[in-house]
Number of protein chains: 2
Amino acid sequence: MLSKKTQYAFHALIYLAENVDKGPILISEIASEKSISIKFLENILLELKNAGILGSKKGKGGGYYLLRTPKEIPLARIIRLLDGPIALLPCVSLNYYERCENCKDEAICGLHEVMSKVRDATLKLLENKSLKDILTRE
Amino acid sequence: MLSKKTQYAFHALIYLAENVDKGPILISEIASEKSISIKFLENILLELKNAGILGSKKGKGGGYYLLRTPKEIPLARIIRLLDGPIALLPCVSLNYYERCENCKDEAICGLHEVMSKVRDATLKLLENKSLKDILTRE
DNA sequence: CATAAAGTCTATAAAAAATATAGACTAATT
DNA sequence: AATTAGTCTATATTTTTTATAGACTTTATG
């Protein structure tokens, strides 16, 4: 399951995408529109900013805005940033790999093989689908 | 990521499958072979027993054993039992479904659509791959 | 039938992670 | 100068995960 953090991030990004024309959007506006604790959302938006996904502006007329088009923001990027590994086991993670103890040889480990396939199938979708793909179509 | 509980369950089941010919296997033997806390493993094996996956025998000569052939034990079954939902969001879970607030219509929710696809791709593997598939091939 | 072996059950503890909040600080606008 | 709005660091709370304890039941067998 994705954490609340990641779920909130998706909803915030969707809101930002749907309101690009309005310029910078207030944290408080996103929070109330999407029913997210404003302080919690602050942290999330900051992380997205530090990762280069969002830009921000302080002071009056400030707020957050997308730095790229929705199509250029893969879902996998957001999940990895806020949730960590997408793989089901550390030993098959591409970005957060950890060798498994008790496993002499990953090459002949059946668990490793199946979980690699699961990872690949998941990534094929999450790397190729972007923020654009989760915007509500009328 | 799969919990330790599920990971331990897989290792225990693999050990049981690889030693079917030896009759009932002691919890303590599995625990020491697989470096798992014996008390923690107890709980896990009990859950597997209550779910009808393992059988057990008390007293001398007792222990745990598989009730079915490895081929008849899908990986998805174990994961759902010990870890819960396989889907990334409650609103796309088949076995642990929860409606999402803030979402007027799942039918037109883009997030719902993508996450359903991820679930399907994952399940296609985890429902069809079984304990047999994760046994180490020489 | 007594004893020892081995799983069962219930409860609790400890640790880690997820979720949420507080408040002082900085930058931009007017 | 005053106000607005994001930034940063720290901490608190809650939930989940992981682990442990100990009394109880069943079975085998000498």
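Atom-to-atom, CG of A:Asn50 to C1' of D:dT9 comes out at 13 Å; the value is rounded to the nearest Å. In this entry the distance linking CD1 of B:Ile27 with C1' of C:dC9 reads 12 Å, nearest Å. Rounded to an integer number of Å, the gap from OH of A:Tyr65 to P of D:dG6 is 11 Å. Taking atom CD1 of A:Ile44 as the reference point, atom P of D:dG6 lies 15 Å away to the nearest angstrom. Distance, B:Leu46 CG to D:dA19 P: 17 Å, rounded to whole Å. In this structure, CD of A:Glu47 is placed 13 Å from P of D:dT9, rounded to the nearest angstrom. As rounded to whole Å, 11 Å separates atom P of C:dA27 from atom NZ of A:Lys49.
Surrounding NZ of A:Lys4 are at most 12 heavy atoms belonging to other residues, nucleotides or ligands under 6.0 Å away.
Residue pairs meeting the ring pair (Phe, Tyr, Trp, His ring centres under 6.0 Å) criterion with at least one partner in residues 25-54 of chain A, sequence neighbours excluded, are A:Tyr8-A:Phe40. Among residue pairs with one or both ends in residues 17-31 of chain A, those qualifying as salt bridge (charged side-chain N to carboxylate O under 4.0 Å, His left out) are A:Lys22-A:Glu29; sequence neighbours excluded. Listed by first and then second residue, the salt bridge (charged side-chain N to carboxylate O under 4.0 Å, His left out) pairs that reach into residues 85-97 of chain A come to none, sequence neighbours excluded.
Nearest-nucleotide assignment on DNA chain C puts the 5′-proximal partner with B:Leu45, out of A:Lys60 and B:Leu45.
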Would you list the protein and nucleotides 18-22 of chain C atom pairs, both N or O, that sit under 3.5 Å from each other?
unit_1: C:dT19; atom_1: OP1; unit_2: A:Lys4; atom_2: N; d: 3.3
unit_1: C:dT19; atom_1: OP2; unit_2: A:Lys4; atom_2: N; d: 3.2
unit_1: C:dT21; atom_1: OP2; unit_2: A:Ser37; atom_2: OG; d: 3.1
unit_1: C:dT21; atom_1: O4; unit_2: A:Asn43; atom_2: ND2; d: 3.4

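Here B:Tyr65 sits in one hydrophobic cluster together with B:Leu67; the rule is ILVMFWY side chains under 4.5 Å apart, joined directly or through other members.
Two residues are said to be in side-chain contact when any heavy atoms from C-beta on lie closer than 4.5 Å; A:Leu2 and A:Leu82 fail this criterion.
A:Ile25 comes within contact range of the sugar-phosphate backbone alone, with a heavy-atom separation under 4.0 Å but no base atom that close.
If you take CD1 on B:Ile79 and OG1 on B:Thr6, they are separated by 6.5 Å, rounding to the nearest 0.5 Å.
Within residues 51-59 of chain B, the residues approaching DNA chain D are B:Lys57, B:Lys58, B:Gly59, by heavy-atom distance under 4.0 Å.
Between A:Lys49 and A:Glu42 there is no salt bridge, since none of the side-chain N atoms of the basic residue sits less than 4.0 Å from a carboxylate O of the acidic one.
With no hydrogens or angles considered, no side-chain donor-acceptor pair links B:Glu113 and B:Ser116 at under 3.5 Å.
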